[in-house]
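Here is the structure we will look at.
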Amino acid sequence: MKIAVCVSHVPDTATKVNVGSDGKSIDPNGVTYVLNPYDEFAIEEALKTKEAVEGEVVILSVGGENNKETIRKSLAMGADAAVLLKSEGELDSFQVARALADEIKNQNAQLVFFGKQSVDYDNQIVGQLTAGILDYNCISVAVDFKLDGDKIIAEREIEGGREVVETTLPAVVTAQKGLNQPRYASLKGIMAAKRKTIEEKDAQIGESMVSIIGMQKPAPKQPGKIVGEDASAAPELARLLREEAKII
Amino acid sequence: MSKKILVFIEQRNSEIKKASFEAVKVATDLAAKQNSEVLAIALGNEINGLEDVGGFGINTVKHYKSVDLELYSSGAYAELIAECALSNDAGTVVFANTSLGKDLAPKIAVKLNAGIVMDSVAIKYENDEIIFSRPVYAGKALVDCKINSENKVFTIRPNVFPLGENNGGKANVDVTELSDVKLSSKVTEVKKSEGKLDVAEADIIVSGGRGLKGPENFHLIEKLADSLNAAVGASRAVVDAGWRPHSEQVGQTGKTVSPTLYVACAISGAIQHLAGMRSSKYIVAINKDKDAPIFQVADYGIVGDVFEVLPALTEEINKLKN
Ligand SMILES: Cc1cc2nc3c(=O)[nH]c(=O)nc-3n(C[C@H](O)[C@H](O)[C@H](O)COP(=O)(O)OP(=O)(O)OC[C@H]3O[C@@H](n4cnc5c(N)ncnc54)[C@H](O)[C@@H]3O)c2cc1C
Ligand SMILES: Nc1ncnc2c1ncn2[C@@H]1O[C@H](COP(=O)(O)O)[C@@H](O)[C@H]1O
């Protein structure tokens, strides 16, 4: 079975965000880009599934030349093949999903893993949109996944607990932290990844559905006050919470 | 007159989520500006108090009723909502950005060929256009965006949009009984986590960090949380150490929360932690290091040892409450 994993190339979570000169995206100066943290869980689950059922894991990524770094890292973890769907400039989630759906169809992948969220725009939708376009079943925010034939039993995180969901292939699963423990790339894996070719194609993105018109930093918070030191400050804090903040 | 606005009312265990009322309010405010009408849709079996959405300006709620819809089923829910939007000439669909809303909204966007904006924290209506503001990079920046397509789907962040006055009105509940709903995916069980309240939904959160030194000391956090009727949260250091479950983690790779009050106890305030909680209305920090970055976002701080401050604060709050 062909298993696809969709990965995005994003600024490291420790990045200090500054608005770029276009006024609507971040200033890329000094920013380190990494494989999106949630996508590591997606790759791990695909590799585990492949080990259990025999199959091939193909990495898909939409973006520019720089995404190759993230694709190499994914290959080094143990994926078999990769396709870069080339597109420069900002895309909306729908465009990314269309490009991915097009290639998933082309690859005839019956099981597709995503991260639950890219830590850049924090949309949490590309997986579900892709599932919608392909008319695949979809389980988002998975923290547990089991495949038995073409039947899936998974658990997804919800407020105050988990839902146990049953569905069938073809399906999209988006990975949440806790799903597994991603493996480190071995030296052998890193060497092998260097030799693998990354196939390149133009992304089929279609029309733009959402435009970003501006970006700002949030208004800085007024520095608060130190109410006091040690336990003796507790009564004053309680009073402020009641009288100023009106919370208790 | 513009096409109608459809707002989704979410129920869990037959109770309507507070965030759905917030979505209703956003939808009716938008409709007033656009000179359009709002229709609400709810899916489930018995749902308590559906007519109460009338208090926020809704005339009609469509209730698709079946035992099969009691638990969330993405395929069937998406099918029914999209069909309801199309047959009622609704071009905009509004959800609260809950775990269910996040899963469902993009599926509706595909069915309606609508552009989609998630997790809005502010909405403006200017020159006949809706401008959405939403946090990106875990709240380190905000973007303004607009949807180019005629049909539109958006979600609003819970706990951010004010509910306003309930005028006491009652909506007309239009029930459609469905038998034999086709479920392509099915929730077979809901496992409740141990904590009483989930951080994603709580109005007050008390979080503990590595400075608590071990899981055995979290009773101090739990007692303060009890006195405030709050949920317990945790930093990643604590979750990675296995002291608390991941469901309690607040931050960039945990949950993003915006409660009325967030109390950070022995948490340093790393950028990834701040990302998840900086939009809280009031932030209290208790830390023995007066230079800890958490104090930069705190409204009120106590420089001190949590082992002494927490019991004292719990006692003071219990005193005030009685
Ligand atoms: C990709 C990535 C994602 C991440 N995501 C998250 C996330 O989602 N959420 C998150 O929280 N972190 C996240 N982090 C981790 C983050 O960078 C910090 O390491 C983490 O938040 C630190 O947790 P802490 O504040 O509990 O511990 P520490 O940084 O160790 O701070 C402990 C604090 O306790 C204080 N203290 C110690 N003893 C006492 C005492 N007796 N009384 C009072 N104060 C005391 C100390 O002064 C210190 O400030 C992420 C990191 C990365 C790289
Ligand atoms: N440009 C991209 N190329 C491939 N996959 C992507 C891309 N952007 C997002 N994804 C996938 O979609 C998931 C959710 O992203 P988002 O909806 O942007 O938060 C990510 O974790 C990735 O698995």
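Computation of the quantities below employed the complete heavy-atom set of this structure, encompassing side-chain atoms and omitting hydrogens, waters and symmetry-equivalent molecules. Labels below follow one simple rule: chain letters A, B, ... track the order of the sequence lines, proteins then strands, and each chain is numbered from 1.
Proximity to chain B (any heavy atom under 4.5 Å) is restricted, for I26(A), to the side chain, taken from C-beta onward. Looking at D203(B), neither its backbone nor its side chain comes within 4.5 Å of chain A, counting heavy atoms on both sides. Both the backbone and the side chain of T188(B) come within contact range of chain A, each with at least one heavy atom under 4.5 Å from a heavy atom of that chain. Contacts of Q176(A) with chain B are made by side-chain atoms alone, with heavy-atom separations under 4.5 Å and no backbone atom involved. Of the two parts of Q272(B), only the side chain, counted from C-beta on, holds a non-hydrogen atom closer than 4.5 Å to a non-hydrogen atom of chain A. For a residue to count as touching a neighbouring chain, one of its non-hydrogen atoms must lie under 4.5 Å from one of that chain's; by this rule T155(B) does not touch chain A. Only the side chain of N137(A) comes within contact range of chain B, judged by heavy atoms closer than 4.5 Å. Of the atoms belonging to L142(B), heavy atoms from both backbone and side chain fall under 4.5 Å from chain A. Looking at F94(A), only its side chain comes within 4.5 Å of chain B, counting heavy atoms on both sides. Contacts of A285(B) with chain A are absent, with no heavy-atom separation under 4.5 Å from either backbone or side chain. Only the side chain of V284(B) comes within contact range of chain A, with heavy atoms under 4.5 Å apart.
Put simply, OG1 on T174(A) and CG on D103(B) are 7.5 Å apart, with the number rounded to the nearest 0.5 Å.
Interface check for chain B: of the options A97(A), G127(A), G161(A), the most heavy-atom pairs under 4.5 Å are formed by G161(A). Comparing V187(B), V306(B), V190(B), V309(B) by heavy-atom pairs within less than 4.5 Å of chain A, the highest count is held by V187(B). Of all the listed residues (S211(A), S140(A), G132(A)), the one sharing the greatest number of non-hydrogen pairs under 4.5 Å with chain B is S211(A). Between chain B and the residues A231(A), A171(A), A154(A), the most heavy-atom pairs under 4.5 angstrom are made by A231(A).
Residues K140(B) and K217(A) fail the side-chain proximity criterion, which asks for heavy atoms closer than 4.5 Å. Side chains of E189(B) and R162(A) form no contact here, defined as non-hydrogen atoms less than 4.5 Å apart. No side-chain heavy atom of K146(B) sits less than 4.5 Å from a side-chain heavy atom of V210(A). Looking at Y121(A) and M118(B), their side chains never come closer than 4.5 Å, going by heavy atoms from C-beta outward.
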* To do: Show your working on side chain to side chain contact (heavy atoms under 4.5 Å, CB included) between I226(A) and K290(B) and close with a plain yes or no.
  => CA-CA 9 Å; I226(A) 298 292; K290(B) 68 172 187 2; over 6 Å; no
* Report the C-alpha separation of K102(B) and Q128(A) in whole Å, then their side-chain angles, then the decisive distance to 0.1 Å, and conclude whether the side-chain hydrogen bond (donor to acceptor under 3.5 Å, both in side chains) test is met. => CA-CA 9 Å; K102(B) 284 186 256 195; Q128(A) 298 93 300; over 6 Å; no
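Ionic pairing of K17(B) and E159(A) is present here: one or more N-O contacts between side-chain nitrogen and carboxylate oxygen are shorter than 4.0 angstrom. Between E163(A) and R12(B) there is a salt bridge, since a side-chain N of the basic residue sits under 4.0 Å from a carboxylate O of the acidic one.
In plain terms, the two heavy atoms of E229(A) and I302(B) that are nearest each other are C-CG2, 4.3 Å.
Within the 3.5 Å criterion, the main-chain N or O of A131(A) finds no donor-acceptor partner in the side chain of K107(B).
Between M209(A) and the options N113(B), N151(B), I147(B), I116(B), a side chain to side chain contact (heavy atoms under 4.5 Å, CB included) holds for only N113(B).
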